[in-house]
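Heavy-atom basis, side chains included; hydrogens, waters and symmetry copies ignored. Please read these numbers as outputs of a predicted model, since none were measured by experiment. Letters A, B, ... are given to chains in the order of the sequence lines, protein chains preceding strands, and every chain is numbered from 1.
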Amino acid sequence: MSGDTTSNSDDDRPLASSSPVKGVNGHLNGKNPDYSDVEMDDDDGDEDDIPLSQTRRASVLPPRRYLKRKKAAVSESSSDDDTPLASSPPKQSSTAVRMPGAVVATTVPVSVAQRNGLKKQVAVKEGPSDDEESIQTPVKKKPPRKRVKNEGSGAGASKPSRKRKVKVESDVELSDDDDDDKPIAKASAKKVKNEDTESSSEDDKPLATPSPQKAKDGFGEDLSKSKKKATKKKVEEDKANGKGKRKAKKEEEDEEVYRWWDINIKEDNTVKWITLEHSGVCFPPPYEVLPSNVKMKYDGKEVDLPPASEEVAGFYAALLETDYAQNNTFNKNFFEDWKKVLENHPPRNDVQITSFAKCDFRPMFEHFEAEKARKKAMSSAEKKELKKKKEETEAKYTACLLNGRKEKVGNFRIEPPGLFKGRGEHPRTGALKFRIRPEDITLNIGKDAPIPIPNMPGKWKAVQHDNTVTWLATWTENVNGNHKYVFLAAGSSLKGQSDMIKFEKARELKKHVDRIRNNYTSDLKSKVMAERQRATAMYFIDKLALRAGNEKGEDEADTVGCCSLRCEHVTLEPPHFIIFDFLGKDSIRYYNRVQIDPQVYKNIKIFKENKDDDDSLFDRVNTSGLNKHLNSEMKGLTAKVFRTYNASITFQRLLDEANLENASLQEKHNAYNKANRLVAILCNHQRSVPKTHDQSMEKMRYKLKALRYDRMKLRHALFGLDLKYKKQAKFREDDDESDLELDWIATHEENLKAKEIEKAEKRFAKDNEKLVEDGGKPQKDLILKHKIENIEREFKQLESERGKETATLKTSKTAEKIIEQIEKATEKIKTCKLQMMDRDEGKEVALSTSKINYLDPRITASWCKIHDVPIEKLFSKTLLTKFPWALEVDEDWKF
DNA sequence: TTTTGAACTTAGCACCGCTTAG
DNA sequence: CTAAGCGGTGCTAAGTTCAAAA
């Protein structure tokens, strides 16, 4: 651990971010210390023009950002003195960094008009290539982008999305034709049944399943072909050496496995399916009114709510004991929306509800709790029965028919109504999420497929047949106007294919990454502001795996990513450190202090000059421009590919680096998890510390101490046998024991005694039971008493030995035996310590996110083969079904 | 252009059922 | 056998990306 800063600034690997530690704070601050230094190594004196363009200050900011930031507990650290750069612009910048051409600009707040004038100067000044960009004005008007998506209810029925040009059949055929001589056809809908070998399936391109495959399978090009061969070979091998058997068996269970990965996947798969049949979506059951004795109170009086408003009240009541109920925004939004419902469905007993504070939802809450308890208390048979019923009603929704093959559907259950649970400081959190009806839902389904009947009264909003998209149903959620979709499950071929394409794209980046890095490294010194900023942003995206960072609207939580970073989110610390502190996706805090390239350091300093805290750091960069540029570096490259690439390549490297010669299974597993964890830290995948964490740490600490105690006793006993051992270093008291205070020992021995006694009593009782059962009579109580007395005596003895270096063991042993035990104890202590550290370090790191989304599963699969680890140890069942395409790689496969 | 829309991936958390320690 | 603790899953929010609309 530790590695706070960046021990490894090796150029080509992501900086290990210091774990998401909180505190740290080693900000040296002080006023711009060594500027000279920074300047120094700058061979190109091109600074001057940069700041210039920089000077315009934003100004247009909606004040809210500012306020908001202030609140956001995040940036406490970076108070005034740490940020010498940002705060008082003119003062420093003008003096410290002198830039001839720019003086005017920097010292004087520049108006638009001036800017234009300046621009000219600037351009001239630094060499020929100055371009428009460097001058351009309105830096940062933050687009008051307000997405007023709203009530999706509008009429605008569904025109078959106007997405990418919808390629249609003709197109399909086309691609078919040209790119394959032969194999495609055969490859197409090959259903591999258990024993079905290649040879046989070779020719029976089953027309049964609509020949569709052709359309989309068929990858492209070189790569695909060789790859396919490889896979095939592999399969044969497996069969040969017996693994085949296992596989065959598995497949038997699944009936047919569609091995789409044996077929070439086209990168351009605009057409997603040829035929599609499904049963639509499953609506939640209607609201059931509460028993008449359960009523909320208003101002102490019971309120008789009609179902509609009772339901909403219930949504809130259920959350009474959660943090949501402590959140003012949440309460406000809920109450406002609830009042709207109340207007149309007022209490039947004429209570006027106007004050949130007077509402008492407790009775409802308690009723829910009771219900929960009741459910929990049901016999397991009843539970099973219930579960079975549910499964039956849902059965038809769980799968669909895609190109004639059965595929699992993902989220076929329509989200029940409730209160919107926005994360972080979401302005809309707590708002009422309406019940979705068929009228809200657009279905997407094959032309010839029967149109499903909704399981609640109503008619679909629309039914379309767009085979260029993968969703089965969609609706617009009322709170934020976001679109929701029903997609296939993660294990489906469609998802699998795009997953595989994703990782292949990331692997492709390997071939270009050196070049791209060279390019942006030299762009770090570009005279064009926009390029310089872009290069700097790319540096962060690459080295730190930051997200792209789109602009966000006013009615969303204030979170940022790379492009949307504001000055307040980064603090420079001489000589070459930067501290990031901002809220990212899901309002998860990203805190990282890292050493950065001196040029980047210098750039950031420049970018921050003359800006306010709430001004955009990269005012000339946005995600679409960035991605456009990335795409020009490599086809299909976007910011997120870097995350995938860096996560996977790092993972591969870490695994390769681990020395696992004759390691135990457990050790291998640990090594794997460690690599996984480092990646998770890189990607800042956090989780909230488990509620029981402190407690379980405490337990482990105690256990550790107890182990130390045991070893101490053993040592003492050894000395009792022969003092010569006392001289040997390995039996000397080590630090481990130094914290065994007498107090603690006393308590511990007390505990041990209590346990012993309890055990004795239990055994006594049990023995008696047995005796009675066998027709005998129970032992006398006296026996137990004796036993207990014995124990007491034992512990008296221990007590007398406290603080002394003597010990009597219960059973006398030889020195060898004791030594052996000591060694064992030492080992145990070590393991326990490791376990503790592991647990503690991992308490806020979520491993699963990277496993599911960022780590190429083939890395794991091949690693398992190399190290003979059953993959089930590392991949859960869902992961295994998600990655069937990855499990067959051979062991020399590398990301 | 810039903004909005659409579609798809990525994310953390609550809850549940299965182990596992006791 | 029971309670606790844990990983796995379902849920749905919150991102990214690309392309059409304004």
Across the strands shown, which category fits Tyr854(A) at heavy-atom distances under 4.0 angstrom: base, sugar-phosphate, nothing? sugar-phosphate
On the 0 to 90° scale, with breaks at 30° and 60°, tag the Phe487(A)-Tyr485(A) ring pair as parallel, tilted or perpendicular. parallel
For the pair Glu394(A) and Arg413(A), find out whether any cationic side-chain nitrogen is under 4.0 Å from an anionic carboxylate oxygen. yes
Starting at atom CG of Leu630(A), determine the distance to atom C1' of dC18(C), rounded to an integer number of angstrom. 14 Å
Residues in ring-ring contact (aromatic ring centres under 6.0 Å, His included) with Phe365(A), at least two apart? none
Result of checking Tyr316(A), Phe334(A), Phe330(A) against Tyr324(A) for ring pair (Phe, Tyr, Trp, His ring centres under 6.0 Å): Phe330(A)
Applying ring-ring contact (aromatic ring centres under 6.0 Å, His included) to His685(A) and not counting sequence neighbours gives Tyr854(A)
Check this for me: does any side-chain nitrogen of one of Arg423(A) and Asp586(A) sit under 4.0 Å from a carboxylate oxygen of the other? yes
Any salt bridge between Glu415(A) and Lys484(A), counting N to O under 4.0 Å? yes
Hey, which sits more toward the 5' end of DNA chain B by its nearest nucleotide, Asp499(A) or Lys383(A)? Asp499(A)
Would you say Lys628(A) places a side-chain N or O within less than 4.0 Å of OP1 or OP2 belonging to dT17(C)? no
Angle between ring planes, Tyr672(A) versus Phe651(A), binned at 30° and 60°: parallel, tilted or perpendicular? perpendicular
Is the shortest side-chain N/O distance from Thr849(A) to OP1 or OP2 of dG12(B) below 4.0 Å? yes
Pairing residues for Phe420(A) by the ring-ring contact (aromatic ring centres under 6.0 Å, His included) criterion, not counting sequence neighbours: His426(A)
Leu494(A) CG - dA7(B) C1' separation (whole Å): 13 Å
For Phe540(A), run the ring pair (Phe, Tyr, Trp, His ring centres under 6.0 Å) check against Phe580(A), Phe642(A), Phe582(A), Tyr590(A) and tell me which one passes. Phe580(A)
Just call it for Asn550(A): base, sugar-phosphate, or nothing, with non-hydrogen atoms closer than 4.0 Å on any strand. base
Proximity to the side chain of Asn853(A) - top-ranked nucleotide from dT17(C), dC8(B), dT10(B): dT10(B)
Quick one: Lys502(A) NZ to dT16(C) C1', roughly how many Å, whole number? 12 Å
B/S/- contact track for nucleotides 5-13 of chain C, protein heavy atom under 4.0 Å: SS-SS-SBS
Atom CH2 of Trp475(A) and atom C1' of dC8(B) are separated, to the nearest Å, by 14 Å
Just checking Lys628(A): does its NZ atom have more than 12 heavy atoms from other residues, nucleotides or ligands closer to it than 6.0 angstrom? no
Would you indicate what Thr470(A) reaches in the nucleic acid, counting non-hydrogen atoms under 4.0 angstrom: base, sugar-phosphate, or nothing? sugar-phosphate
Figure out the NE2/C1' separation between His483(A) and dA19(C), and round it to whole Å. 13 Å
Pick base, sugar-phosphate or nothing for Gly561(A), based on heavy-atom distances below 4.0 Å to the nucleic acid. nothing
Asn480(A) has an atom CG; how far is it from atom P of dT4(B), in whole Å? 15 Å
When all nucleic acid strands are considered with a 4.0 Å heavy-atom cut-off, which category describes Ser624(A): base, sugar-phosphate, or nothing? nothing
Give Thr474(A) one of three labels, base, sugar-phosphate or nothing, depending on what nucleic acid heavy atoms sit under 4.0 Å from its own. nothing
Measure from CG on Leu626(A) to P on dG15(C) and round the result to the nearest Å. 18 Å
His685(A) atom NE2 is separated from dG15(C) atom P, nearest whole Å, by 13 Å
Are Leu488(A) and Lys408(A) close enough that some pair of their side-chain heavy atoms sits under 4.5 Å apart? no
Map Ile588(A) and Ser498(A) onto DNA chain B by nearest heavy atom, then report which one ends up closer to the 5' terminus. Ser498(A)
Stretch residues 637-644 of chain A: residues that reach within less than 4.0 Å of DNA chain B through a heavy atom: Lys640(A), Arg643(A)
Any N/O pairs under 3.5 Å between the protein and nucleotides 18-22 of chain B? List them or say none.
none

Whichever of Gly424(A) and Thr623(A) has the more 5' nearest nucleotide on DNA chain C, that residue is Gly424(A)
Could you tell me whether Arg677(A) and Glu841(A) make a salt bridge, using a distance below 4.0 angstrom between a side-chain N and a carboxylate O? yes
